[in-house]
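Following: one structure in structure tokens, then a few remarks.
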Amino acid sequence: MLSGLALLLLVCLHMRVQGKLRSQSLGCDEYLGSGRVVDKCGVCGGDNSTCRLVSGVFKHSLSKIGYHKIVEIPEGATKINVTEMVKSRNYLALRSRSGRSIINGNWAIDRPGKYEGAGTMFTYRRPNEISSTAGESFLAEGPTNEILDVYMIFQQPNPGVHYEYILPSEKLVSPQQPSRRPEGK
């Protein structure tokens, strides 16, 4: 009778350990139950100290209809978010430094959707509900593999465009805002 009880205890212990292992998740270091996660810099178990958030708002008053450069996004940028602060008749545009239009280039307005460029996937959103006041935006996880230029296709007063991205510490730079002169498309 004692050996049967010992066997039952071993089976219960085995099942409890198995259940506990199944409930633990795999950390980013690929160790079960380590609890390690990727920080905003993309470092497994990091403390967000190896990168920097770069952000700003483009508020310049513009007068000439056309493409106007808002900001340059450096190579290596992640967590890119460019958002018009209020809906307007202006459009955001994105072009790689090599000259390839990614979103809204060459005087053609693209549909909202996903667009590949600079080694990452951009999600372009343009709310079209009449009652919506949300402006258009594009987002990407990154990292980018080349410099990108963000433009506004100006048609009415600028409501402001918020931009942000994260750079690894070895790429820390100030955002390159253009002078007030208009740029080419």
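Any value given below was found using the heavy atoms of this structure, including those in side chains, with hydrogens, waters and symmetry copies removed.
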Polar side chain donor-acceptor pair, Asp110 to Tyr91, under 3.5 angstrom: no

Heavy-atom closest contact (Arg100 atom, Gly117 atom, distance): NH1-CA, 3.5 Å

Short side-chain donor-acceptor distance under 3.5 Å, Arg95 and Tyr151: yes

Worked check of side-chain contact (heavy atoms from CB on, under 4.5 Å) between Tyr124 and Asn104: CA-CA 10 Å; Tyr124 174 50; Asn104 294 336; 2.8 Å; yes

Rounded distance (nearest 0.5 Å) linking atom OH of Tyr67 with atom OG of Ser101: 6.5 Å

Val150/Lys69 under side-chain contact (heavy atoms from CB on, under 4.5 Å): CA gap, chis, key distance, verdict: CA-CA 6 Å; Val150 178; Lys69 189 171 174 182; over 6 Å; no

Nearest-0.5 Å distance that lies between atom CZ in Arg126 and atom CZ in Arg111: 8.5 Å

Atom CD of Glu30: over 12 foreign heavy atoms under 6.0 Å: no

Glu141/Lys79 ion pair, N-O < 4.0 Å: yes

Mutual orientation of the aromatic rings belonging to Tyr165 and Tyr163 [parallel < 30°, tilted 30-60°, perpendicular > 60°]: parallel

Closest approach of Gly76 to Pro168 (non-hydrogen atoms, all atoms of both residues): O-CD, 3.5 Å

Value rounded to 0.5 Å, distance of CG in Leu94 from CD1 in Ile103: 5.0 Å

From CA spacing to verdict: side-chain contact (heavy atoms from CB on, under 4.5 Å), Ser55, His162: CA-CA 7 Å; Ser55 67; His162 176 264; 4.2 Å; yes

Validation row: Asn158, Phe58 side chains within 4.5 angstrom (heavy atoms): yes

Closest approach of Ser98 to Ser96 (non-hydrogen atoms, all atoms of both residues): OG-OG, 2.8 Å

Heavy-atom side-chain contact between Thr120 and Pro143 under 4.5 Å: no

Beyond-backbone contact of Val161 with Leu92, side-chain heavy atoms, under 4.5 angstrom: yes

Ser34 side chain to Asp29 backbone, donor-acceptor under 3.5 Å: no

Any side-chain heavy-atom pair of Trp107 and Ile153 under 4.5 Å: yes

Heavy-atom closest pair, residues Leu62 and Met152: CD1-SD, 3.9 Å

Contact summary for Glu116 and Gly119, nearest pair of heavy atoms: OE2-N, 3.7 Å

Joint hydrophobic cluster, Ile109 plus Tyr115, side-chain heavy atoms closer than 4.5 Å: yes

Flag, side chain of Asn90 to backbone of Phe154, donor-acceptor distance under 3.5 Å: no

Side-chain heavy atoms of Leu53 within contact of Leu167, under 4.5 Å: no

Presence of salt bridge, Lys87 and Glu136, under 4.0 angstrom: no

Worked verdict on Glu72 versus Leu148 for side-chain contact (heavy atoms from CB on, under 4.5 Å): CA-CA 6 Å; Glu72 175 183 290; Leu148 296 170; over 6 Å; no

Side-chain heavy-atom pair Leu139, Ile80 within 4.5 angstrom cut-off: no

Within one Ile-Leu-Val-Met-Phe-Trp-Tyr cluster: Val37 and Ile166, side-chain cutoff 4.5 Å: no

Sub-4.5 Å side-chain heavy-atom contact between Gln156 and Ser88: yes

